[in-house]
Amino acid sequence: QVQLVESGGGLVQPGGSLSLSCAASGFSFSSYAMGWFRQAPGKEREFVAAIYWSGSKTIYKDPVKGRFTISRDNAKNTVYLQMSRLKPEDTAVYYCAAAPDRVGRDYATQRVYDYWGQGTQVTVSS
C-alpha cells in the first residue's frame, strides 16, 4: 500500500518559518523524484518544489526561491520542505507527491507524479 503522509503544517506569522515532512512507504522511494505542490483557497493546485532521487538537483517555483528549501533522506524515505520568510500568499494546503525519476521529465508539472499525499494545511497570518 502506497502512502505519503505530510506533517508539520500549522499557523505561522508572516515572516516566520515552518518545516514540512513527508513520510513515504509502499514504493521504491529512492527511485522516485519527490515534489511539493500547494493549493490555496479558490485557486488551482500549483508546483512549489521538486528534488531528484539522488538529491543532486532541485527545482523551485520562482516566488519561493531563496525562501523554501526541499531536501530528502532516502534512508528514512522522507522528503522535507523548509519554509522561511513566509507570506500570507503562501497560505495553502501543501501536498507531497512522488514521480518516477527519468531523464528529461518536467517535475514542475502535476501529470508526471504517480502518488500523492492528502495534504497539510499551512496558514500564514498575523
Side-chain angles (χ1 to χ4, degrees):
Q1 183 178 11
V2 173
Q3 290 189 345
L4 295 174
V5 182
E6 301 95 336
S7 62
L11 176 65
V12 63
Q13 295 183 346
S17 300
L18 201 63
S19 295
L20 306 181
S21 298
C22 174
S25 61
F27 66 100
S28 298
F29 181 82
S30 297
S31 299
Y32 279 71
M34 300 296 299
W36 287 96
F37 291 76
R38 68 186 183 186
Q39 186 170 22
K43 295 187 177 181
E44 298 293 323
R45 184 178 294 180
E46 65 179 358
F47 171 76
V48 176
I51 186 168
Y52 287 69
W53 71 270
S54 67
S56 62
K57 184 177 180 180
T58 57
I59 54 176
Y60 296 91
K61 174 185 176 183
D62 285 341
V64 310
K65 288 182 178 179
R67 299 191 298 119
F68 291 12
T69 300
I70 188 171
S71 61
R72 67 189 294 162
D73 186 340
N74 286 347
K76 296 181 178 180
N77 286 5
T78 302
V79 63
Y80 307 93
L81 185 67
Q82 293 85 45
M83 304 181 292
S84 63
R85 300 184 64 80
L86 285 161
K87 305 174 181 179
E89 51 263 45
D90 294 319
T91 295
V93 177
Y94 283 71
Y95 297 90
C96 175
D101 202 342
R102 301 287 187 272
V103 175
R105 286 198 173 189
D106 181 6
Y107 292 109
T109 61
Q110 296 186 52
R111 66 183 303 165
V112 305
Y113 290 87
D114 290 343
Y115 309 125
W116 293 82
Q118 297 200 354
T120 185
Q121 177 71 48
V122 173
T123 302
V124 184
S125 177
S126 60

Report yes or no: do [X] and [Y] belong to one cluster of Ile/Leu/Val/Met/Phe/Trp/Tyr joined by side chain heavy-atom distances under 4.5 Å?
X   : Y    : answer
Y52 : Y113 : yes
L81 : I59  : no
Y80 : V93  : no
V64 : L20  : yes
V48 : I70  : yes

Exam field: side chain R67 to backbone R85, donor-acceptor pair closer than 3.5 Å: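 Such a contact is found between R67 side chain and R85 backbone.
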N/O donor-acceptor pair under 3.5 Å between E6 side chain and C96 backbone: yes
Looking at [X] and [Y], what are the two nearest heavy atoms and their distance?
X    : Y    : value
Y32  : R72  : O-NH1, 2.8 Å
R45  : Y95  : NH2-CZ, 3.4 Å
V79  : F29  : N-CZ, 4.2 Å
Y107 : F37  : O-CZ, 4.2 Å
L4   : Y115 : CD1-O, 3.5 Å
T91  : P41  : O-CD, 4.4 Å

Distance (rounded to the nearest 0.5 Å) between [X] [atom1] and [Y] [atom2]:
X    : Y    : atom1 : atom2 : answer
R111 : D106 : CZ    : CG    : 11.0 Å
M34  : S71  : CE    : OG    : 11.5 Å
W116 : Q110 : CH2   : CD    : 4.5 Å
Q121 : Q39  : CD    : CD    : 10.5 Å
T123 : D90  : OG1   : CG    : 11.0 Å
Y94  : S7   : OH    : OG    : 15.0 Å

Stepwise side chain to side chain contact (heavy atoms under 4.5 Å, CB included) test for N77 and S25: CA-CA 7 Å; N77 286 5; S25 61; 5.6 Å; no
Side chain to side chain contact (heavy atoms under 4.5 Å, CB included) evaluation trace for L86 with F68: CA-CA 9 Å; L86 285 161; F68 291 12; 3.8 Å; yes
